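Here it is, the structure, as structure tokens.
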Amino acid sequence: MPEPVGFFTDTSICIGCKACEVACKEWNQLPGNTPKFLDSFDNTGQLDAENWRHVKFIDLVPEAPIVAGNGSAWLLMADICKHCTHASCMEVCPTDAIIKTEYNTIYIQQDACNGCRDCISACPYGAIGFNERTGTVGKCTMCYDRLQADMTPACAKACPTQSIQYGTLTELHQKADARLATLKAQGYEKAELYGRDDSVYGGLGAFFLLMDKPEVYGLPNAANAGLPSRNNFGGYVNAFIVAALGVFAGMVAFRKRSPGEPDAGAPATGGAR
Amino acid sequence: MAEHFVQPPHWEWYIVSYFFLAGLAGGSYTLATMLRLWGSPRDEGTARMAFLVAFPLVVVCGIFLTIDLGQPLRFWHMLINTTPGVGGVNFKYWSPISIGSWALLIFGVFSFVSFLETLGYLRPIGRVNEIIGSIVALFLASYTGVVLSVSNQPVWSDSYAIGGLFVASALSASAALLSWLSTYRSDAASAEPTEQRLETADGYFVVLELLMIAAFFMTLSTAGTIGRMLSGPWLILWILVLVSLIPPLLSLAGRRTTALSGIGSAVVVLVGVFLLRFVVIFGAQF
């Protein structure tokens, strides 16, 4: 069994070049959506079945003129499927099309998926999208075919600043800890690692070094990182109680009789035509 | 406030229709069983109608659910695991959509048996069949709401009350439908007590539905997502849903009016229950 692998995405050195997006599409033969003119340099919009890497441009340009020392104007982040240890998508998938590979990555078997899309409403990162061409859902495979050939995934290979690093999780954790320590020493107090430990979804196969709080990047923080199954108990108990009350209400209503009406057990008199 | 960054699954008209018809099928079957258990012999005609309605409805449910899939011909993957080297059946008790697929199949069998029995093609099997079928039917009418709750979608995952809301409204819609259908019985003249019993039951179901609507909004309020459900067109739809509850409530209060009885009342209730599912499903996604 190979050692678990993953991505360490250091957002502090992402320059928003989108080489990762292009490399991903090239390797995985994703035609992409029609480019959109959005409110920044972003022209892909979000992760979906055609965008397995998406560079987020988070606009923090202050109202006041930018001067030295009053903060950064943009946060950049090459977003991707997080390959969660406890994956919401895999939890709900009724066909078991979503599996964990020998590399500890989350993979959607295209020939097993029937396109029910339950995983889309479960993924807390919006990383999965429905593919109209195939009728199935799609997301990053961490270049499973390249991993099998002992090659680095396309996005990490193409990243010119090494913002995206690929390797074994043990090795990446060490690199991330060292980088965080460096940034802290340089005064970046808000810098933090996201998904390095098990506080979100048991730890992430694709984890990040962030320069602000997770929610600024559109990532649920530890308090909000819940699996869909957390609502099973409440949902079923509520439904059961209401169903039981409904049966009781029906019993009360149906036992009422008009004057002179026979009770149950007497011969039936009516019928459906 | 809960923070969600989920994309919508684009569950649209087929799913709304499936949720609505699954509620009607399950509700009708359950009410038929209850009429046989606790009703008068005069209710038998309506009970038979309900069994005749439940099976065709569940067939249509299966069709809607299948054509909503991106790969409809792989509908059976819900039940059979096609992962190489794994095989066997797919049953994940922690995934409502997985249990629901089995419930739909099992209810299909029960409703088919009752359908044949009602038509006289099968000898009566007995109440046990109907009681077990009704338990599955109630599950079918409610699990659709639990599917929504068991997600990370804003609004849906913020409330545990959607399953209860759907089963209460399913029973209400079914009572309205059966009350209306009773007017077409061959012995329509003697069906009035049945209609009255169904209308009384509908009043009770609507009270339950109102309580669940209140619980739904309370949970959304706690999560901070209530604004999303009450913005733009959704507010108007919620008002229409509430208006649709008026006829059964008036009937329960003994103030049944000609304009709001019979087919008029049934249509208002059925449209209201459909709108309820529409607003819950579409309102959270768009």
Side-chain angles (χ1 to χ4, degrees), chain A residues 46 88 91-92 94-96 99 109 112 114-118 120-126 129-130 135-136 215 218-221 224 226 228-229 231-232 234-236 238-239 241-243 245-247 249-258 261-264 266-273, chain B residues 2-7 9-11 31 34-35 38-42 44-45 48-49 52 69-71 74-75 77-78 81-83 90 92 94-95 97-98 101 138 142 145-146 149-153 157 160-161 163-164 167-168 171 184-187 190-191 193 197 200-201 204-205 208 212:
Chain A
Q46 74 281 313
S88 300
E91 182 179 65
V92 299
T95 63
D96 262 347
I99 56 167
Q109 302 177 92
N114 65 9
C116 76
R117 312 188 293 290
D118 202 18
I120 298 177
S121 71
C123 175
Y125 298 108
F130 181 68
T136 57
E215 44 271 40
L219 303 169
N221 57 29
N224 286 295
S229 59
N231 285 333
N232 262 325
Y236 282 125
N238 170 261
I241 291 171
V242 175
L245 287 173
V247 171
M251 184 181 75
V252 171
F254 295 161
R255 287 177 78 90
K256 287 186 178 171
R257 295 288 179 273
S258 303
E261 207 183 345
D263 207 342
T269 56
R273 264 198 290 245
Chain B
E3 286 171 328
H4 308 272
F5 304 98
V6 182
Q7 293 198 41
H10 290 278
W11 285 340
L31 291 182
M34 292 201 288
L35 281 172
W38 300 307
S40 146
R42 286 184 183 173
E44 177 58 20
R48 290 166 61 82
M49 277 182 152
L52 290 179
L69 296 172
Q71 287 280 353
R74 296 183 190 168
F75 70 94
H77 288 201
M78 294 283 196
N81 195 325
T82 57
T83 303
N90 266 330
K92 296 165 81 167
W94 58 92
S95 170
I97 198 169
S98 176
S101 304
L138 284 170
S142 61
V146 184
S149 292
V150 179
S151 69
N152 274 316
Q153 193 74 30
S157 61
Y160 57 80
V167 75
L171 288 170
Y184 295 99
R185 275 170 48 174
S186 55
D187 58 341
S190 60
R197 276 188 279 276
T200 305
Y204 295 149
F205 299 147
L208 277 176
M212 284 300 102

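In the text below, chain A, chain B and the rest are named by the order of the sequence lines, each starting its count at 1. Nothing here was measured: the structure is a model prediction, and the numbers come from that model.
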TODO: Please state whether the side chain, the backbone, both or neither of B:L171 comes within less than 4.5 Å of a heavy atom of chain A.
DONE: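 For B:L171, the side chain is the part near chain A, not the backbone.
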Task: Options B:A191, B:A161, B:A168, ranked by heavy-atom pairs under 4.5 Å with chain A, top entry - done: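 Most pairs with chain A among the choices: B:A161.
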Task: Side-chain (B:Q71) to main-chain (A:N114) donor-acceptor, under 3.5 angstrom - done: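 No, because the side chain of B:Q71 does not come within donor-acceptor range (under 3.5 Å) of the backbone of A:N114.
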Open item on the list: Minimum heavy-atom separation for B:Y204 and A:A253, please, with both atom names.
Closed with: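 For B:Y204 and A:A253, the tightest heavy-atom pair comes out as CE1-CB, 3.9 Å.
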Task: Heavy-atom pair count under 4.5 Å with chain B, highest-scoring of A:C123, A:G129, A:A239, A:S229 - done: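 Top option by heavy-atom pairs under 4.5 Å: A:A239.
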Task: For chain B, the option from A:A112, A:G226, A:S88, A:G218 that forms the most heavy-atom pairs under 4.5 Å - done: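 Max contact count across the listed options: A:G218.
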Open item on the list: Within this structure, what is the CD1-CH2 distance for the pair A:I120 and B:W11, rounded to the nearest 0.5 Å?
Closed with: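 It is 9.0 Å, given to the nearest 0.5 Å.
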- [ ] Look at B:G164, B:A201, B:G163 and state which one has the largest set of heavy-atom pairs under 4.5 Å with chain A.
- [x]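 Looking at each of B:G164, B:A201, B:G163 in turn, B:G164 comes out on top.
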- [ ] Identify which part of B:L35 has an atom lying under 4.5 Å from any heavy atom of chain A, answering side chain, backbone, both or neither.
- [x]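 B:L35 touches chain A through backbone and side-chain heavy atoms alike.
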- [ ] Name the member of A:V92, A:I99, A:V242 that forms the most heavy-atom pairs with chain B at distances under 4.5 Å.
- [x]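 Result: the option with the highest number of such pairs is A:V242.
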- [ ] Could you tell me which portion of A:L219 (side chain, backbone, both or neither) has an atom closer than 4.5 angstrom to a non-hydrogen atom of chain B?
- [x]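 It is the backbone, since no side chain atom gets that close.
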- [ ] Among B:S142, B:S149, B:S101, single out the residue with the greatest number of heavy-atom pairs under 4.5 Å to chain A.
- [x]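 Counting heavy-atom pairs under 4.5 Å, the top option is B:S149.
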- [ ] For each of A:G250, A:A243, A:C116, tally heavy-atom pairs with chain B at distances under 4.5 Å, and name the one with the top tally.
- [x]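 Of the candidates given, the most pairs with chain B belong to A:C116.
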TODO: Could you give me the CA-CA distance, side-chain angles and deciding distance for A:Q109 and B:T83, then say whether side-chain hydrogen bond (donor to acceptor under 3.5 Å, both in side chains) is met?
DONE: CA-CA 8 Å; A:Q109 302 177 92; B:T83 303; 2.9 Å; yes
- [ ] Give, as side chain, backbone, both or neither, the part of A:Y125 having an atom under 4.5 angstrom from any heavy atom of chain B.
- [x]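 Contact with chain B is through the backbone of A:Y125 alone.
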Open item on the list: For the backbone of A:P94 and the side chain of B:S98, can you confirm whether one donor and one acceptor N or O come within less than 3.5 Å of each other?
Closed with: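 A pair under 3.5 Å: no.
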Task: Interchain contact, B:V6 with chain A, by part (heavy-atom threshold 4.5 Å) - done: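 Contact with chain A: backbone and side chain both.
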Task: Side chain, backbone, both or neither of A:S121 within contact of chain B (heavy atoms, under 4.5 Å) - done: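 The answer is both parts of A:S121.
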- [ ] Decide yes or no for A:M251 and B:M34: does some side-chain heavy atom of the first lie under 4.5 Å from some side-chain heavy atom of the second?
- [x]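 Not touching, per the 4.5 Å side-chain cut-off.
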TODO: Give a yes or no answer on whether the side chain of B:R197 reaches the backbone of A:R255 with a donor-acceptor pair at less than 3.5 Å.
DONE: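 No, because the side chain of B:R197 does not come within donor-acceptor range (under 3.5 Å) of the backbone of A:R255.
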Open item on the list: On a heavy-atom basis, which atom in A:A249 and which in B:F205 lie closest, and how many Å separate them?
Closed with: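 So the minimum-distance heavy-atom pair works out to CB-CE2, 4.1 Å.
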TODO: Kindly indicate whether the side chain of B:H77, heavy atoms from C-beta on, has any atom under 4.5 Å from the side chain of A:D96.
DONE: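 Sidechains of A:D96 and B:H77: no contact.
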Open item on the list: Quick one, B:F5 and A:P124 - any side-chain contact, counting heavy atoms below 4.5 Å?
Closed with: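 In short, these two side chains do not touch, never coming nearer than 4.5 Å.
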Open item on the list: Could you tell me if the side chain of A:V247 sits less than 4.5 Å from the side chain of B:W38, heavy atoms only?
Closed with: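 They are in side-chain contact.
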TODO: List the atom of A:N232, the atom of B:V150, and the distance in Å for their closest heavy-atom pair.
DONE: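 Between these two residues, the closest heavy atoms are OD1-CG2, 3.4 Å.
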TODO: Mind ranking B:L208, B:T82, B:L138, B:T200 by heavy-atom pairs under 4.5 Å with chain A and telling me who comes out on top?
DONE: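 Top option by heavy-atom pairs under 4.5 Å: B:L208.
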TODO: Decide yes or no for A:N231 and B:Y160: does some side-chain heavy atom of the first lie under 4.5 Å from some side-chain heavy atom of the second?
DONE: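 Answer no - side chains too far apart.
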Task: Minimum heavy-atom distance between A:E91 and B:W94, given as atom pair plus value - done: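 Smallest interatomic distance, heavy atoms only, reads O-NE1, 3.0 Å.
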Task: Heavy-atom side-chain proximity of A:T136 to B:R74 below 4.5 angstrom - done: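 When only atoms from C-beta onward are counted, B:R74 and A:T136 do touch, with a gap below 4.5 Å.
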Task: Where B:H10 and A:R117 come nearest, the two heavy atoms and their spacing - done: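 Where B:H10 meets A:R117 most closely, the heavy atoms are O-NH2, 3.1 Å.
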